[in-house]
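Structure first, commentary second.
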Amino acid sequence: MRTLRSLLFMPGNNPGMLISGDVLGADALIFDLEDAVSLDEKDAARALVVEALSTLERRHCLVSVRINPLDSPFWQDDLLAVLPAAPDALVVPKATPEALREVIIFCDEKKLTLPTIWPLLESPLAIVSLPQFSIIDLDISALLLGGEDYAAALGVARTSDSLELLYARTALVTHAKANGWQAIDTPFTDTTDIEGLTSHVESSKTIGFDGVLAIHPAQVDVIRAVYLPSEEERLWAEAVLKLAEEAKAAGSGVFSYGGKMVDRPILLRAEKIMEAVGGGSDA
């Protein structure tokens with residue numbers, strides 16, 4: 001699966017946005033049937049999302065759907081309508097191992113095929129249950145963090161430095177990487193604060209997140225700019241991989257660069273940087 005640096009929420013009841021989503025530059029779209037849709041528009045939004053999934057080309061990004069949570073009366077109708085239209089992924093909000101098992105049971109009963117699942121973790125219970133996600137019989141490929149609900153469950157306010165999310169963020173990244181899944185950080189909710197968004201995304205990258213959720217199209221370019229390797233990183237990676245090729249040709253498996261020994265983890269980092277800028281190496 002492609003690297004998910006930016007995942008853009010799109011209101012399921014906004015046909016204009018659904019139509020234009022594929023050209024906005026995000027790695028994935030999340031057609032939203034939950035928070036973005038009022039109670040009296042759930043049925044109409046569901047129909048619009050199904051129509052979009054069934055008719056629109058998906059040339060530039062993956063297209064997923066966030067269903068309504070399992071404590072609502074809407075999630076089963078969401079699954080019955082959406083899954084036959086074959087989204088690339090399904091976002092399950094307020095995800096816990098128990099909630100995912102309930103989804104499995106319902107889909108088995110209705111003979112519905114589930115795509116890859118992106119659980120959205122939004123509670124302390126979900127975070128402390130992280131080890132259990134790996135033993136569920138589902139194709140999970142990414143874990144998403146919902147910081148607003150998580151902070152509310154802690155009884156604290158969200159802050160600009162996200163200190164209240166420190167444990168949740170590091171725990172989610174650790175468990176995702178341990179299972180070979182991508183880790184996606186919570187969105188930055190002030191759509192007018194570009195400096196704050198940039199700082200948030202830089203923090204996400206430093207912690208180890210593969211990408212960040214976006215709630216406005218203007219946020220996508222900022223996320224992309226932060227996650228793209230810098231020129232310094234690109235030059236470093238090129239030099240390391242060139243030396244690796246030379247060492248391999250000389251029959252040597254060990255070499256140093258910049259006074260530091262280069263081992264397999266360093267090579268993997270260099271390869272990942274070049275993949276991100278469209279390069280690569282066979283070293």
Side-chain angles (χ1 to χ4, degrees), residues 1-7 26-28 62 89 116-119 121 126-136 138-145 147 161-163 165-186 198-213 222-283:
M1 188 180 70
R2 67 189 297 166
T3 300
L4 302 173
R5 295 185 180 86
S6 58
L7 295 85
D27 295 299
L62 300 176
T116 188
I117 304 298
W118 298 342
L121 280 59
I127 295 300
V128 299
S129 301
L130 274 165
Q132 299 178 36
F133 283 90
S134 62
I135 61 175
I136 301 172
L138 275 177
D139 175 19
I140 295 174
S141 55
L143 295 179
L144 284 52
L145 179 62
D161 61 5
S162 294
L163 185 60
L165 303 182
L166 178 60
Y167 176 75
R169 294 171 90 194
T170 54
L172 187 148
V173 166
T174 299
H175 282 81
K177 298 305 176 72
N179 289 285
W181 305 332
Q182 296 192 55
I184 311 300
D185 203 2
T186 189
T198 302
S199 177
H200 173 70
V201 180
E202 288 173 345
S203 171
S204 303
K205 182 179 179 181
T206 299
I207 290 171
F209 281 99
D210 298 283
V212 178
L213 294 166
V222 176
I223 295 171
R224 175 179 172 81
V226 172
Y227 268 94
L228 282 177
S230 66
E231 181 67 5
E232 182 180 358
E233 288 175 315
R234 183 186 68 81
L235 292 173
W236 172 85
E238 285 182 343
V240 167
L241 294 178
K242 184 175 184 296
L243 286 173
E245 292 173 357
E246 293 173 353
K248 183 178 180 181
S252 173
V254 179
F255 66 97
S256 63
Y257 177 70
K260 296 182 179 180
M261 188 66 65
V262 176
D263 54 11
R264 188 58 186 163
I266 299 297
L267 286 176
L268 290 174
R269 178 169 173 255
E271 290 169 356
K272 188 172 182 180
I273 288 172
M274 293 311 298
E275 288 172 4
V277 296
S281 173
D282 296 326

I need the minimum non-hydrogen distance between [X] and [Y], along with the two atoms involved.
{"X": "Lys205", "Y": "Val226", "value": "NZ-O, 3.1 Å"}
{"X": "Ala142", "Y": "Pro119", "value": "O-CD, 3.1 Å"}
{"X": "Thr186", "Y": "Leu165", "value": "CG2-CD1, 3.9 Å"}
{"X": "Ala176", "Y": "Ala183", "value": "CB-CB, 3.9 Å"}
{"X": "Ser256", "Y": "Leu243", "value": "O-CD1, 4.1 Å"}
{"X": "Glu271", "Y": "Leu241", "value": "CG-CD2, 3.8 Å"}

Restricting to side chain to side chain contact (heavy atoms under 4.5 Å, CB included), what partner residues turn up for [X], sequence neighbours left out?
{"X": "Asp139", "value": "Thr116"}
{"X": "Val222", "value": "Ile194, Leu197, Thr198"}
{"X": "Ser199", "value": "none"}
{"X": "Leu228", "value": "Arg224"}

[X] side, atom [atom1]; [Y] side, atom [atom2] - distance, nearest 0.5 Å:
{"X": "Leu213", "Y": "Leu145", "atom1": "CG", "atom2": "CG", "answer": "8.0 Å"}
{"X": "Thr170", "Y": "Ile207", "atom1": "OG1", "atom2": "CD1", "answer": "7.0 Å"}
{"X": "Phe255", "Y": "Ile266", "atom1": "CZ", "atom2": "CD1", "answer": "9.5 Å"}

query: Does the side chain to side chain contact (heavy atoms under 4.5 Å, CB included) test come out yes or no for Trp118 and Leu4, once each step is laid out?
result: CA-CA 11 Å; Trp118 298 342; Leu4 302 173; 3.6 Å; yes

Checking [X] now: which residues fulfil side chain to side chain donor-acceptor pair (under 3.5 Å) with it, not counting sequence neighbours?
{"X": "Lys242", "result": "Glu246"}
{"X": "Ser204", "result": "Arg169, Asp185"}
{"X": "Asn179", "result": "none"}

Quick one, Phe209 with Tyr227, criterion side chain to side chain contact (heavy atoms under 4.5 Å, CB included). Give me CA distance, side-chain angles, the key distance, then yes/no. CA-CA 10 Å; Phe209 281 99; Tyr227 268 94; 3.6 Å; yes

- Message: My understanding is that only one of Ile184, Leu130, Ile117 makes a side chain to side chain contact (heavy atoms under 4.5 Å, CB included) with Leu143; could you say which?
- Response: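 So the option named by the test is Leu130.
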
Which residues satisfy the salt bridge (Lys or Arg N to Asp or Glu O under 4.0 Å) test with [X], sequence neighbours excluded?
{"X": "Glu238", "value": "Arg234"}
{"X": "Arg5", "value": "none"}
{"X": "Asp27", "value": "Arg2"}

